[in-house]
Amino acid sequence: MYVANGSAGVPGGLRLDRIVTRSFTTGRAYEPALTEYFADLAEHHGLPQRAAHFAELRMNTFTSMVGRTLDALGPLPARIGAAVLAHSTPDAEPLWPSSFLSGALPGEPLSFAIADHGVTAPFTALRLAAAYAGTEPVLLFALDQTTVVLDHTVPAGTVMPTEDRVAVLLLEPSSPGLAVRELPGMTPEDAVAVVLAELTTSRPDAVVLGTGLLGHCQVPTGIPVVKAREGLPCTGLWTALADTDPQAHTLLLADYDPNLRSLGLCHLTR
């Protein structure tokens, strides 16, 4: 069980009750109607892809991944206040995972997604989830997906996932709440300086670093470092959190998106 630490808690206050991560193997093919639809769109916009290209793609959609992970969470509270998805690349198919979650979860909660925030999307989702949930539990889904219909349209510098994976966080109301901060406009040097200052001040039992900070941040001696895996821009940090030593009582999670110049920080005590 994780309880927030620090004075920068998100509004309302949430603690991390449990976390589940799951990886998915090669997914299904597109339906023939969709291959024709995407091929028509590509031709209309002067792109080279034709139906044969889309027919070769395989995918695990966000909807299928979240649906197949719900059972792994175990018993859920009687009501969920909000369900928030966070991803850095688009869904492989034009479905509605948020609508699916609203119908599949108890209480028919408000459900929405955070995109265009790069690797710090889950930090944004944590802050917004607390604001929308009020006094009810929240589910946060961090998602990575390898299949992008038109991958050359993804902005330059985007970290492309190498694995289809979901990390689900069940968050319960608590006061104080998770200590989450997002700092925009950060140069790499600024981001490293902020993380080192946080570590020096709080001296956590362990720090979980995202790939945007690995190799740049010289952690003070005596603080174990847990490294997020490469190729998992949205789920890597939270998958690493699930694998941390349970004896580590206080934790700092930090990740930096050099493309967006954004730093995310989260303090946890368990």
Side-chain angles (χ1 to χ4, degrees), residues 19-42 44-45 47 49-73 76 80 82-106 108-122 124-125 128-129 138-155 158-170 229 231-239 242:
I19 181 169
V20 170
T21 67
R22 181 174 177 181
S23 179
F24 297 84
T25 56
T26 303
R28 63 174 173 82
Y30 284 104
E31 297 292 334
L34 267 182
T35 64
E36 295 177 11
Y37 170 74
F38 287 136
D40 287 346
L41 280 180
H44 178 74
H45 290 282
L47 301 174
Q49 286 81 3
R50 293 297 177 260
H53 164 77
F54 300 108
E56 292 175 355
L57 297 178
R58 297 295 181 271
M59 54 161 177
N60 290 295
T61 67
F62 291 159
T63 301
S64 67
M65 287 197 288
V66 299
R68 292 157 63 188
T69 307
L70 289 180
D71 287 345
L73 280 169
L76 292 174
I80 298 292
V84 190
L85 296 92
H87 51 89
S88 60
T89 55
D91 202 349
E93 191 172 61
L95 297 177
W96 297 272
S98 295
S99 298
F100 164 78
L101 286 173
S102 290
L105 294 172
E108 297 185 349
L110 171 71
S111 181
F112 58 94
I114 304 297
D116 299 324
H117 280 243
V119 302
T120 58
T124 307
L128 294 179
V138 170
L139 281 172
L140 168 63
F141 297 82
L143 295 151
D144 281 319
Q145 187 184 78
T146 56
T147 304
V148 178
V149 177
L150 297 172
D151 55 10
H152 68 279
T153 64
V154 175
T158 300
V159 178
M160 292 301 297
T162 57
E163 182 181 334
D164 295 339
R165 177 173 283 275
V166 59
V168 188
L169 286 65
L170 175 61
R229 284 169 43 197
L232 295 174
C234 264
T235 62
L237 192 75
W238 312 95
T239 299

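These numbers come from a predicted model, not from an experiment.
When side chains are defined from C-beta on, F141 counts as touching V166, because their heavy atoms get closer than 4.5 Å. Side-chain contact between S99 and S111 is absent, with no heavy-atom pair separated by less than 4.5 Å. Side-chain contact between L70 and L105 is present, with at least one heavy-atom pair separated by less than 4.5 Å. Side chains of T89 and M160 form a contact here, defined as non-hydrogen atoms less than 4.5 Å apart. Proximity of D91 to L143: side-chain heavy atoms (C-beta onward) are nowhere separated by under 4.5 Å. Annotation: side chain of R28 is in contact with side chain of M59 (closest heavy-atom distance under 4.5 Å). Counting heavy atoms from C-beta outward, L101 and P109 have side chains that stay 4.5 Å or more apart. For the pair F54/L34, no side-chain contact is recorded, criterion being any heavy-atom separation below 4.5 Å from C-beta on.
Residues L76 and P106 share a closest heavy-atom pair of CD1-CD, 4.2 Å. Nearest heavy-atom pair, A121 versus I114, reported as atom, atom and distance to 0.1 Å: O-CG2, 4.0 Å. Nearest approach of S98 to L85, heavy atoms of both residues: OG-CD1, 3.4 Å. Counting all heavy atoms, side chain and backbone alike, T146 lies closest to E163 at CG2-N, 3.1 Å. Shown here for S23 and R165, the closest heavy-atom pair between the two residues is CB-NH2, 3.4 Å. In this structure, L140 and P122 approach most closely via the heavy-atom pair CD2-O, 4.0 Å.
Formation of a donor-acceptor pair under 3.5 Å by the T35 side chain with backbone atoms of P32 is found in this model. Looking at T147, its side chain does come within 3.5 Å of a backbone N or O of R58 through a donor-acceptor pair.
The local environment of CG in D40 is crowded, with over 12 non-hydrogen atoms from other residues, nucleotides or ligands closer than 6.0 Å. For Y37, the OH atom is loosely surrounded, since the number of other residues' heavy atoms within 6.0 Å does not exceed 12.
Remark: R22 CZ to T69 OG1 distance equals 5.5 Å, nearest 0.5 Å.
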Could you walk me through whether W238 and I19 pass side-chain contact (heavy atoms from CB on, under 4.5 Å), step by step? CA-CA 8 Å; W238 312 95; I19 181 169; 4.2 Å; yes
Stepwise, does the side-chain hydrogen bond (donor to acceptor under 3.5 Å, both in side chains) test hold for Q145 with N60? CA-CA 7 Å; Q145 187 184 78; N60 290 295; over 6 Å; no
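Under the 30°/60° scheme for interplanar angles, the aromatic rings of F38 and Y30 are found to stand perpendicular.
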